[in-house]
Amino acid sequence: MRRRSRATLPIMALSALLWAPFARAGQDQPGDFDYYVLALSWSPGWCARTGDADGSPQCDAGRGLGWVLHGLWPQHDTGWPHDCRSGFEPPSRAATAEMSDIMGSGGSAWHQWRKHGSCTGLDPAEYFDTAREAYDAIIRPQEFRRLDRAIRLPAALVEEAFLRDNPGLAPDGVTITCRDGAIQEVRICLSRDLEPRICGADVVRDCSLGDALMTPIR
């Protein structure tokens with residue numbers, strides 16, 4: 001029997017190592033997750049960083065969007081599933097357009113279904129209904145609605161405002177994220193029944209900026 005060249009073995013091992021992350025994509029099983037992360041994005045900040053340049057309808061003048069639903073993400077206690085093969089037909093354009101009032105655009109809703117909703121085990125209509133229910137259950141502090149000029153503030157104050165107005169939430173169940181020196185998102189951890197719970201170790205870390213930028217609603 002012909003021997004395999006010794007030089008070939010390291011090359012094959014290297015190839016397997018490099019391809020491993022790609023082989024996993026799409027292999028997560030729908031419905032296999034531990035809890036949800038409800039991600040609320042500060043729309044003016046996203047528009048300033050990305051949306052304006054992309055011409056997103058989320059950023060059209062006069063829409064007045066503040067905290068929009070980035071997504072409802074299934075999460076493991078460590079790590080998260082994504083891009084699952086759900087077995088359901090993808091949502092229609094009409095179905096995603098109906099979510100634009102809280103998600104900014106139908107395109108954003110479609111992307112969230114493909115990447116995250118597909119892993120919930122729900123069909124698109126059930127996923128969007130669940131996401132809306134979770135979004136509606138969280139009170140967004142009114143002082144942010146009155147933001148008419150750019151301000152800088154400790155990121156911790158944003159968390160404190162959400163905890164104040166949502167007494168069922170715990171500090172370790174809410175995470176504030178920043179990007180490029182600005183407030184990016186509020187992430188709230190919920191059980192599969194949409195009850196508040198503590199975040200896992202890879203979600204719980206907060207932005208620690210003392211002068212995070214918040215851009216005004218327009």
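Everything numeric in this text was worked out from a predicted model, so none of it was measured.
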Examine [X] and [Y] and state if one hydrophobic cluster contains both, with Ile, Leu, Val, Met, Phe, Trp and Tyr joined whenever side-chain heavy atoms are less than 4.5 Å apart.
X      : Y      : answer
Leu163 : Leu40  : yes
Val158 : Ile217 : yes
Tyr36  : Ile102 : yes
Val204 : Ile188 : no

Between [X] and [Y], which heavy-atom pair has the shortest distance, and what is it?
X      : Y      : value
Ala39  : Glu185 : CB-OE1, 3.8 Å
Cys59  : Trp46  : SG-CZ3, 3.6 Å
Phe144 : Ala161 : CE1-CB, 4.0 Å
Pro216 : Asp148 : CB-C, 3.5 Å
Val174 : Glu159 : O-OE1, 3.4 Å
Thr130 : Leu122 : OG1-CD1, 3.7 Å

Okay, side chain of [X], backbone of [Y]: is any donor-acceptor separation there less than 3.5 Å?
X      : Y      : result
Asp202 : Thr78  : no
Ser41  : Val68  : no
Asp165 : Ile139 : no
Arg192 : Pro74  : no
Glu126 : Asp123 : yes
Thr50  : Cys47  : no
Arg63  : Gly104 : yes
Trp113 : Tyr127 : no
Ser108 : Ser105 : no

Checklist entry - Looking just at side-chain N and O atoms, do Gln58 and Ser43 make a donor-acceptor pair shorter than 3.5 Å? => result yes
Does this structure show an ion pair linking [X] with [Y], if we count only N-O contacts that are shorter than 4.0 Å?
X      : Y      : value
Arg164 : Glu143 : yes
Asp52  : Arg218 : yes
Arg197 : Asp77  : yes

Next on the checklist: Before you tell me yes or no, could you show the steps for Phe162 and Trp67 under ring pair (Phe, Tyr, Trp, His ring centres under 6.0 Å), namely the whole-Å CA-CA distance, both residues' side-chain angles and the distance that decides it to 0.1 Å?
Outcome noted: CA-CA 12 Å; Phe162 272 84; Trp67 296 108; 5.5 Å; yes
So do [Y] and [X] actually touch side chain to side chain, heavy atoms under 4.5 Å?
X      : Y      : value
Leu153 : Asp211 : no
Asp180 : Arg49  : yes
Trp42  : Met214 : yes
Asp83  : Asp28  : no
Thr120 : Pro30  : no
Ile138 : Leu38  : yes
Arg205 : Thr175 : no
Glu160 : Leu157 : yes

Interatomic distance, [X] atom [atom1] to [Y] atom [atom2] [nearest 0.5 angstrom]:
X      : Y      : atom1 : atom2 : answer
Arg114 : His82  : CZ    : NE2   : 10.5 Å
Leu65  : Ser100 : CG    : OG    : 9.0 Å
Gln112 : Met99  : CD    : CE    : 10.0 Å
Phe128 : Leu72  : CZ    : CG    : 11.0 Å
Met103 : Leu69  : CE    : CG    : 4.5 Å
His70  : Gln184 : NE2   : CD    : 8.0 Å

Next on the checklist: Checking Ile183 against Cys178 for the side chain to side chain contact (heavy atoms under 4.5 Å, CB included) test, could you report, in this order, the C-alpha distance in whole Å, the side-chain angles of both residues, the deciding distance, and whether it holds?
Outcome noted: CA-CA 5 Å; Ile183 296 293; Cys178 297; 4.1 Å; yes
Item to check | Test side chain to side chain contact (heavy atoms under 4.5 Å, CB included) applied to Arg187 and Ile176, step by step | outcome: CA-CA 6 Å; Arg187 296 177 181 175; Ile176 309 301; over 6 Å; no
Next on the checklist: I'd like to know whether Gln29 forms a side chain to side chain contact (heavy atoms under 4.5 Å, CB included) with Arg85, so could you lay out the CA-CA distance, the side-chain angles of the two residues, the decisive distance to 0.1 Å, and finally the verdict.
Outcome noted: CA-CA 7 Å; Gln29 296 300 311; Arg85 297 174 181 172; over 6 Å; no
Item to check | Six-ring centre of Tyr135, Arg140 cation under 6.0 angstrom, axis tolerance 45° | outcome: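 Yes, Arg140 lies over the aromatic ring of Tyr135.
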Checklist entry - Stepwise, does the side chain to side chain contact (heavy atoms under 4.5 Å, CB included) test hold for Arg132 with Asp129? => result CA-CA 5 Å; Arg132 187 178 289 275; Asp129 285 347; 5.8 Å; no
Checklist outcome for this item: For Trp73, the other hydrophobic cluster members (4.5 Å side-chain criterion, sorted by chain and number) are Tyr35, Val37, Val203
Next on the checklist: Enumerate the disulfide bond (SG atoms under 2.5 Å apart) contacts for residues 95-153, please, sequence neighbours excluded, ordered by first and then second residue.
Outcome noted: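 Of all non-adjacent pairs touching residues 95-153, those that pass disulfide bond (SG atoms under 2.5 Å apart) are Cys84-Cys119.
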